[in-house]
2 protein chains.
Amino acid sequence: MTTPAQGLHTHVLDTLGLEIAAGECAPGLVLRTDELAQRFDVSRTVVREVIRVLESMHLVESRRRVGVTVRPTEEWNVYDPQVIRWRLAGADRPRQLRSLTVLRSAIEPVAAGLAARNATAEQCAALTECALGMVATSRGQQLEGYLRHDIAFHRVVLDASGNEMFARLGDVVAEVLAGRTHHQVMFEDPDPAAVTLHVRLAEAVREGDAEGAERLTKEIAVGALHELDVLAP
Amino acid sequence: MTTPAQGLHTHVLDTLGLEIAAGECAPGLVLRTDELAQRFDVSRTVVREVIRVLESMHLVESRRRVGVTVRPTEEWNVYDPQVIRWRLAGADRPRQLRSLTVLRSAIEPVAAGLAARNATAEQCAALTECALGMVATSRGQQLEGYLRHDIAFHRVVLDASGNEMFARLGDVVAEVLAGRTHHQVMFEDPDPAAVTLHVRLAEAVREGDAEGAERLTKEIAVGALHELDVLAP
DNA sequence: AACCCATTACATACGACTTATTCAAGAGGC
DNA sequence: GCCTCTTGAATAAGTCGTATGTAATGGGTT
């Protein structure tokens, strides 16, 4: 475990956040600030700043006389990209991937519909380019390149929706796609049907076909969920 | 501006967060920790903890030698309930309400469909009770009571979906409904059609009619969006 | 059983030291 | 003479140790 040295604060925060998000600290467990200071060999000041951040994520609760208690999962700020990263790195990655994919299946079709209405010419061009990139990397074990284009594609769609709440889910989608690619069996090339759907989605957005874009995105989502069912029981 | 005394940290954080979220601090503006310490008459320690929290929300970026710079809106963690509260309290509440309502229109139909499949008997009962409460308070300027039941209703649906990402949007929905009720013209009683839709949605969930639940929720969302269009140009 | 007090662990504060970044001045090359 | 690269000083955040305040808990007393 080599410290990236990128700040004591960052190191302590990452370590603690990971442990809590992974469920290694049972809810209700109390941490003592000076214990943590000892454990990480940093001052209590640093620990307190870390605790404050974890508190703002609703991962822990700090109360006088009792210490820092780990909060139950249901209270966490699960939309915080940092929390998502920690959870995806932890033990229940499968469950996490599933709930995030369900979230995507709700958001992205609507976002695609809006994108079909609002996308600029540049965004349409970017979308087509991404789709072409996906096609070009869809065979021959070029999963990393495929992933890059896939992420860019969905990011453009979310951005083009014109809704900032959707746009800000780009990072989440990127994490999901990356997690899926890196964690599951990577022997096979991506599903050809999915590639086709992306190409057609780019077309639908370019033509301003909102219903078509929504329907195609739903199909992509269904495929992703199905893939999860097959590969992760 | 009387301090709630509920911790220096909380006061400084709320004040700064509100100012930034309201757009009073232009992106790129640099704050100095010493200045802030002076301004709020607290120690640098407190300021630094606040800055760390704001940093974790991606509202600001702290760099050595340069200071604490306010980040552009696109980089904020807009799903953080705290950030949402700050923004709803600020100047661009209308835009914020709209984008959150669009988000709801994407999430809640899917959540309702899942709820129809997964809801427990208790959740179905709670749903019916909420719907009844909405009916009972739908006339005679009882908007506060109506709001309470409305919030509870949607929270149960999101919880019953069984997806934690949906469930955690309960707070967001609560903020949106409350913001809508408290900010807009409150002379009129709620739309009778909306009340009916909620009652029928409770029925659909109880009967396990996923498609019906999804369709009814979409209708509710369309109504809410239409209401926004009419009342907020 | 109700009240009070001592203990405990976080909350706040302050000051000194460290480190990274930036800006500018100066040396060197073209 | 102008541009570039290097070097060093200034600056502001980062880190740390310590001291004091404060609220909640738990036990002891009446």
Side-chain angles (χ1 to χ4, degrees), chain A residues 1-17 19-20 25-72 75-76 82, chain B residues 1-17 19-20 25-72 75-76 82:
Chain A
M1 180 89 74
T2 55
T3 310
Q6 195 201 344
L8 291 182
H9 179 271
T10 308
H11 174 235
V12 177
L13 181 64
D14 259 17
T15 310
L16 272 184
E19 286 183 9
I20 295 175
C25 306
L29 180 73
V30 290
L31 308 167
R32 239 58 70 90
T33 48
D34 25 8
E35 280 180 19
L36 295 173
Q38 273 192 1
R39 175 181 159 195
F40 290 101
D41 193 35
V42 294
S43 74
R44 284 186 26 245
T45 312
V46 173
V47 173
R48 286 176 64 338
E49 288 172 12
V50 169
I51 295 299
R52 276 266 141 82
V53 172
L54 292 175
E55 208 175 7
S56 85
M57 295 169 173
H58 283 72
L59 260 56
V60 301
E61 189 181 5
S62 175
R63 285 172 54 203
R64 278 183 160 140
R65 172 65 175 110
V66 53
V68 179
T69 66
V70 179
R71 303 180 81 155
E75 299 178 10
W76 297 352
Q82 181 82 86
Chain B
M1 183 80 75
T2 56
T3 311
Q6 196 203 345
L8 291 181
H9 180 272
T10 308
H11 174 234
V12 177
L13 181 63
D14 259 19
T15 309
L16 271 183
E19 285 182 11
I20 296 174
C25 308
L29 180 73
V30 291
L31 308 167
R32 240 58 70 88
T33 49
D34 305 335
E35 284 178 18
L36 294 173
Q38 274 193 1
R39 173 181 158 194
F40 291 102
D41 193 34
V42 295
S43 72
R44 257 191 16 157
T45 313
V46 174
V47 172
R48 288 184 76 289
E49 289 172 12
V50 170
I51 295 299
R52 278 267 141 83
V53 172
L54 291 175
E55 207 174 10
S56 85
M57 295 168 174
H58 282 71
L59 259 55
V60 302
E61 188 179 6
S62 173
R63 286 171 56 203
R64 276 182 164 147
R65 178 68 174 89
V66 53
V68 179
T69 66
V70 179
R71 303 179 78 154
E75 299 178 11
W76 297 351
Q82 182 81 84

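Chain letters run A, B, ... following the sequence lines, proteins first, then strands; residues in each count from 1.
Rounded to an integer number of Å, the gap from CD of B:Q38 to P of C:dA13 is 14 Å. The CG-P distance, from A:L13 to D:dT15, rounds to 12 Å in whole Å. Spacing between atom CG of B:L31 and atom C1' of D:dA13 amounts to 13 Å, rounded to whole angstrom units. Distance B:L36 CG to D:dA12 P: 13 Å, rounded to the nearest Å. One atom, CD of A:E61, and another, P of C:dA9, lie 18 Å apart when rounded to the nearest Å. Across the protein-nucleic acid pair, A:E49 atom CD and D:dC16 atom C1' stand 11 Å apart, rounded to whole Å. Between the CZ atom of B:F40 and the C1' atom of C:dA13 there is a distance of 17 Å, given to the nearest Å. The interatomic distance linking B:R64 (CZ) with D:dA13 (P) rounds to 11 Å, in whole Å.
Nucleic acid contact for B:T33: sugar-phosphate only, since backbone atoms but no base atoms lie under 4.0 Å from a heavy atom of the residue. Residue contacts for A:S62: at a heavy-atom cut-off of 4.0 Å it reaches the sugar-phosphate backbone alone, with no base atom in range. Looking at heavy-atom distances under 4.0 Å, A:R32 makes contact with sugar-phosphate atoms alone, never a base. Residue A:R63 is classed as a sugar-phosphate contact, given heavy-atom separations below 4.0 Å to backbone atoms only.
For B:R52, taking side-chain heavy atoms from C-beta onward, the closest of the listed nucleotides D:dG14, D:dC16, C:dC10 is D:dG14. The side chain of B:L8 has C:dA13 as its nearest neighbour among D:dA23, D:dG17, C:dA13.
Residue A:R44 places none of its side-chain N or O atoms closer than 4.0 Å to OP1 or OP2 of C:dA11. Contact between the side-chain N/O atoms of B:R65 and the OP1/OP2 oxygens of C:dC23 is not found at any separation under 4.0 Å.
Annotation: the span from A:T45 atom OG1 to A:L8 atom CG amounts to 11.0 Å, rounded to 0.5 Å. Note that the CD atom of B:Q82 and the OG atom of A:S56 stand 8.5 Å from one another [nearest 0.5 Å]. Annotation: the span from A:L16 atom CG to A:E19 atom CD amounts to 6.0 Å, rounded to 0.5 Å.
If A:V66 and A:R48 are placed on DNA chain C by their nearest nucleotide, the residue sitting closer to the 5' end is A:V66.
For the side-chain contact (heavy atoms from CB on, under 4.5 Å) with A:R39, the qualifying choice from A:V12, A:T15, A:D34 is A:T15, the only one to do so.
Salt-bridge annotation for A:R52 and A:E49: absent, with no side-chain N of the basic residue lying under 4.0 Å from a carboxylate O of the acidic one.
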